[in-house]
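First up is the structure itself, then whatever we jot down about it.
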Amino acid sequence: MEFEELAEVLGEDRVMNLWGCAFEDFLTRDFEREPSNIVDEYLKRRGWKENAQTRAYMGALRTSIMSLYEVSDVVPGQSLMARDLLRGGEPILVKEGTATKTLKQWDKIAARIVPVRGKNILAGGVLPFTREATQSLFDALLDVFGKRNARKLPAIKDEDLRAVAFTFTLVWVSDALDKVMNMPRVQNAEGDEFMFHDVRFPLAAGATQEDIAARLNGIAGMSQENAQFWNWLGYMPQGEDRPKEAGTLSLDTAWTAVCACWAMSS
């Protein structure tokens, strides 16, 4: 499979994130011939064009190390605590705006944490690791750094971990492809394939929870479950079932919860 084909299977956003990780791996590489490192060469020739913040970030990224972290104490849009599962040590505070909006307690990510002017930040490439991917990564690193019949990873030096940075991306790609390509299709009793999605509607300025509840309760099919949750019920007429395709899962219910709505607190 060519790199360009991955986007058709995994999606453009995931593949661009993967490309970012590969590019960051390249930025840390030292070569025998000149220029020996692309970041050093850029800062020497063009560093004067960048501000102090950017130069500090590029310098930190140049010596950064890809590792596997367990996140906790996530504050969406602000920060998280990250514990290095490979090198050990106490969790560190990481200032992060984007990734913290989707990460949750105890998620595991492969990432580069770089210190920039007194605070730790995540580099651009961040790969979420499933339980299966985490185990595959430990097995792969154990094959490289572990002793014969060892079941636990030894302490890994920073330079050794930097040298196997590509292992993180390879393990992630293998796990992601396996889950996407082996995912069974799910259809309803009528033979229609399920489509899962979220729909979000902006709220008018000054709208209160009571205003939203009143509007939702006036829509046919909306059934209020509690103060902030509604089910949108669609009743389907009885009919002949369509033939089901081989290898698909079928789900049938007496009523269908099409979407859930949350009201904004006043």
Side-chain angles (χ1 to χ4, degrees), residues 1 3 6-7 9-28 61 64-76 79-96 98-115 120-184 196:
M1 180 179 289
F3 183 81
L6 287 175
V9 180
L10 299 179
E12 189 70 29
D13 290 344
R14 299 173 81 187
V15 169
M16 288 306 298
N17 190 30
L18 178 67
W19 186 93
C21 290
F23 181 66
E24 289 168 0
D25 290 348
F26 167 68
L27 296 180
T28 67
L61 188 59
S64 65
I65 298 172
M66 190 74 152
S67 192
L68 187 70
Y69 297 92
E70 182 181 70
V71 304
S72 61
D73 300 330
V74 179
V75 181
S79 65
L80 57 83
M81 297 296 293
R83 181 169 69 92
D84 196 322
L85 298 178
L86 300 180
R87 294 178 291 173
E90 294 296 321
I92 61 174
L93 177 66
V94 179
K95 295 295 183 180
E96 170 59 32
T98 303
T100 50
K101 295 178 182 178
T102 56
L103 290 172
K104 58 183 182 297
Q105 187 85 345
W106 312 130
D107 276 351
K108 295 174 178 59
I109 57 173
R112 296 174 182 273
I113 297 178
V114 294
N120 299 308
I121 63 175
L122 288 178
V126 178
L127 300 174
F129 263 56
T130 64
R131 181 177 59 183
E132 295 80 10
T134 299
Q135 186 60 54
S136 296
L137 177 66
F138 273 85
D139 291 342
L141 295 178
L142 194 60
D143 287 342
V144 177
F145 300 111
K147 297 181 180 180
R148 184 186 296 272
N149 299 322
R151 295 185 178 182
K152 184 178 180 181
L153 275 175
I156 305 175
K157 297 179 181 179
D158 288 355
E159 57 266 29
D160 293 334
L161 194 57
R162 184 181 292 113
V164 297
F166 62 89
T167 305
F168 293 85
T169 50
L170 288 177
V171 168
W172 182 87
V173 167
S174 178
D175 179 68
L177 286 175
D178 180 69
K179 285 179 167 52
V180 171
M181 300 182 76
N182 294 315
M183 182 181 296
F196 298 97

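Since the structure is predicted, the reported quantities are computational estimates derived from the model, not experimental observations.
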Problem - Short N-O contact, Lys179 and Asp175, less than 4.0 angstrom - result: yes
Handout entry: Atom of Gly124, atom of Asn17 and distance for their closest heavy-atom approach
Key = O-OD1, 3.6 Å
Exercise for the section: Would you check if the side chain of Glu24 reaches a backbone N or O of Ala123 as a donor-acceptor pair within less than 3.5 Å? Expected result: no
Handout entry: Straight-line distance of Met81 CE to Leu93 CG, nearest 0.5 Å
Key = 5.5 Å
Practice task
Could you tell me the separation between the CD1 atom of Ile92 and the CZ atom of Arg83, rounded to the nearest 0.5 Å?
Solution key: 12.5 Å
Handout entry: Backbone of Lys104 reached by a side-chain donor or acceptor of Asp107 within 3.5 Å
Key = yes
Problem - Gap separating the CZ atom of Arg131 from the CZ atom of Phe129, nearest 0.5 angstrom - result: 15.5 Å
Exercise for the section: Using a cut-off of 6.0 Å, state whether more than 12 heavy atoms not belonging to Asp13 lie near its atom CG. Expected result: no
Practice task
Assess whether atom CD of Glu159 is packed by more than 12 heavy atoms of other residues, nucleotides or ligands within 6.0 Å.
Solution key: yes
Fill in the blank from the handout: Looking only at heavy atoms, the pair that brings Phe168 and Ala110 closest together is CD2-CB, 3.8 Å
Practice task
Return yes if some donor-acceptor pair links the side-chain N/O of Ser174 with the main-chain N/O of Val171 below 3.5 Å, else return no.
Solution key: no
Completion exercise
Looking only at heavy atoms, the pair that brings Ser72 and Gln105 closest together is CA-OE1, 3.3 Å
Fill in the blank from the handout: Distance col, row Leu68:CG vs Phe138:CZ, nearest 0.5 angstrom, shows 6.0 Å
Problem - Distance-only polar pair, side chains of Tyr69 and Arg112, donor-acceptor under 3.5 Å - result: no
Handout entry: Whether Glu70 side chain and Leu85 backbone form a donor-acceptor pair below 3.5 Å
Key = no
Exercise for the section: Determine whether Leu127 and Ile109 make a side-chain contact, defined as any pair of heavy atoms from C-beta on separated by less than 4.5 Å. Expected result: no
Problem - Distance in Å, Lys157 NZ paired with Arg87 CZ, rounded so as to fall on 0.5 Å steps - result: 14.5 Å
Fill in the blank from the handout: Output for pair (Leu141 CG, Ser136 OG), nearest 0.5 Å, gives 11.0 Å
Handout entry: For the student: nearest non-hydrogen atoms of Cys21 and Val126, plus distance
Key = SG-N, 4.0 Å
Fill in the blank from the handout: Looking only at heavy atoms, the pair that brings Leu18 and Leu6 closest together is CD2-CD1, 4.0 Å
Practice task
Check whether the ring centres of Phe23 and Trp19 lie less than 6.0 Å apart, and answer yes or no.
Solution key: yes
Handout entry: Heavy-atom pair of closest approach, residues Arg162 and Ser64
Key = NE-O, 3.5 Å
Problem - Non-hydrogen side-chain atoms of Val180 and Arg14 separated by less than 4.5 Å - result: yes
Exercise for the section: Report the C-alpha separation of Val75 and Thr100 in whole Å, then their side-chain angles, then the decisive distance to 0.1 Å, and conclude whether the side-chain contact (heavy atoms from CB on, under 4.5 Å) test is met. Expected result: CA-CA 7 Å; Val75 181; Thr100 50; over 6 Å; no
